[in-house]
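Since the structure comes first, as structure tokens, the remarks are kept for the end.
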Amino acid sequence: ILNVEQSPQSLHVQEGDSTNFTCSFPSSNFYALHWYRWETAKSPEALFVMTLNGDEKKKGRISATLNTKEGYSYLYIKGSQPEDSATYLCAFDGGSNYKLTFGKGTLLTVNP
Amino acid sequence: DGGITQSPKYLFRKEGQNVTLSCEQNLNHDAMYWYRQDPGQGLRLIYYSQIVNDFQKGDIAEGYSVSREKKESFPLTVTSAQKNPTAFYLCASSEGRLRLYNEQFFGPGTRLTVL
């Protein structure tokens, strides 16, 4: 079973703070790395699909980077807002059989 | 309105009973998946199906069964052989082989409690 680790497990920040968290994954057999955002009582929704080493993607105040050689991806949130409170999941895609291996997630709470 | 529906949202069953969780999608996706989430754990894959009438075991298939008779439906049966069935169950779908990267779309989940 593949090891996909996310840190920290949980994070509390104040509104307006910028924050970041990490996803580490196997550096071999890499095909893609997915980031999802999962708000309480809602379905997980896709944020980014990262595929190339050095990729950097951005959606509004959220951005992500990818280092496939060392096996990590960072997710950054600039100027956190209470509506950013959610669990952020990363998922490793080794390219076979459409399977994704998920990390345990980082639970972000943004206090107003 | 395209999406994935799971019903019911909450389900209670007595120990020893089989129970079937529903998952329907109208996204015309080829691939469908069942995951389980427990406190402090990541999503763990139970079963997946790449195409109608075909499915494969995931990482924790013991005590579960599935069928894929129609493209839009992928029901999961939690059998009495599943030792710890109380959990949150998520269904997902993806375009599968039609798309380069396996972006999955999730339903709202079913919380199963076995009493």
Side-chain angles (χ1 to χ4, degrees), chain A residues 1-10 21-26 29-53 55 57 59 64 66 68 73 86-107, chain B residues 1-7 9-10 23-25 27 29-51 54-61 68 74 88-111:
Chain A
I1 294 181
L2 299 171
N3 198 27
V4 178
E5 299 283 345
Q6 289 190 247
S7 62
Q9 191 173 352
S10 64
F21 22 93
T22 307
C23 173
S24 61
F25 51 85
N29 298 319
F30 176 86
Y31 187 70
L33 192 283
H34 300 249
W35 280 102
Y36 287 86
R37 169 197 163 93
W38 191 2
E39 291 182 72
T40 302
K42 294 188 178 179
S43 308
E45 60 178 39
L47 283 173
F48 304 112
V49 181
M50 319 285 289
T51 56
L52 297 174
N53 185 44
D55 251 358
K57 298 210 172 177
K59 186 183 285 189
L66 179 69
T68 60
S73 175
T87 296
Y88 292 83
L89 299 171
C90 68
F92 173 82
D93 184 350
S96 62
N97 295 330
Y98 314 106
K99 287 174 64 175
L100 298 182
T101 301
F102 284 83
K104 295 180 182 180
T106 292
L107 174 60
Chain B
D1 216 7
I4 302 174
T5 56
Q6 290 184 245
S7 60
K9 192 170 181 179
Y10 299 97
C23 178
E24 305 277 330
Q25 54 98 358
L27 301 168
H29 284 172
D30 280 328
M32 295 186 75
Y33 312 82
W34 274 105
Y35 293 93
R36 169 183 171 136
Q37 193 202 30
D38 296 282
Q41 299 264 4
L43 297 179
R44 292 185 291 167
L45 183 64
I46 303 172
Y47 266 98
Y48 64 104
S49 168
Q50 295 178 30
I51 203 163
D54 184 57
F55 49 82
Q56 286 82 39
K57 292 181 179 179
D59 299 320
I60 54 164
R68 187 87 187 277
F74 191 39
F88 186 71
Y89 291 87
L90 268 176
C91 178
S93 70
S94 69
E95 291 184 48
R97 66 192 71 186
L98 294 178
R99 192 171 174 109
L100 190 58
Y101 301 108
N102 187 23
E103 182 180 348
Q104 295 184 11
F105 296 80
F106 288 86
T110 292
R111 184 165 296 282

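In what follows, chains carry the letters A, B, and so on, assigned in the order in which the sequence lines appear, proteins first and then strands, with residues in each chain numbered from 1. Fair warning: this is a prediction, and the values are worked out from it, not measured in the lab.
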For A/T51, is it the side chain, the backbone, both or neither that has a heavy atom under 4.5 Å from a heavy atom of chain B?
side chain

Nearest 0.5 Å, please: how far is NE2 in A/H34 from CD in B/Q104?
7.5 Å

How long is the straight-line distance from OH of A/Y36 back to CZ of B/F106, given to the nearest 0.5 Å?
5.0 Å

Please classify the contact of A/L107 with chain B as side chain, backbone, both or neither, using a heavy-atom distance under 4.5 Å.
neither

Just wondering, do B/L90 and A/P44 contact through their side chains at under 4.5 Å, heavy atoms?
yes

Picking from B/A92, B/G58, B/G107, which has the most non-hydrogen pairs under 4.5 angstrom with chain A?
B/G107

A/N53 atom CG: more than 12 heavy-atom contacts under 6.0 Å:
yes

Measure distances from B/Q37 to the heavy atoms of chain A and classify the residue's part below 4.5 Å as side chain, backbone, both or neither.
side chain

Are more than 12 heavy atoms from other residues, nucleotides or ligands located less than 6.0 Å from atom CD of A/Q9?
no

Please look at B/L43 and chain A and tell me whether the side chain, the backbone, both or neither of the residue comes under 4.5 angstrom of a heavy atom of that chain.
both

Shortest non-hydrogen contact from A/K104 toward B/G40
CD-O, 3.2 Å

Using 0.5 Å steps for rounding, measure from the OH atom of B/Y35 to the CG atom of A/L100.
4.5 Å

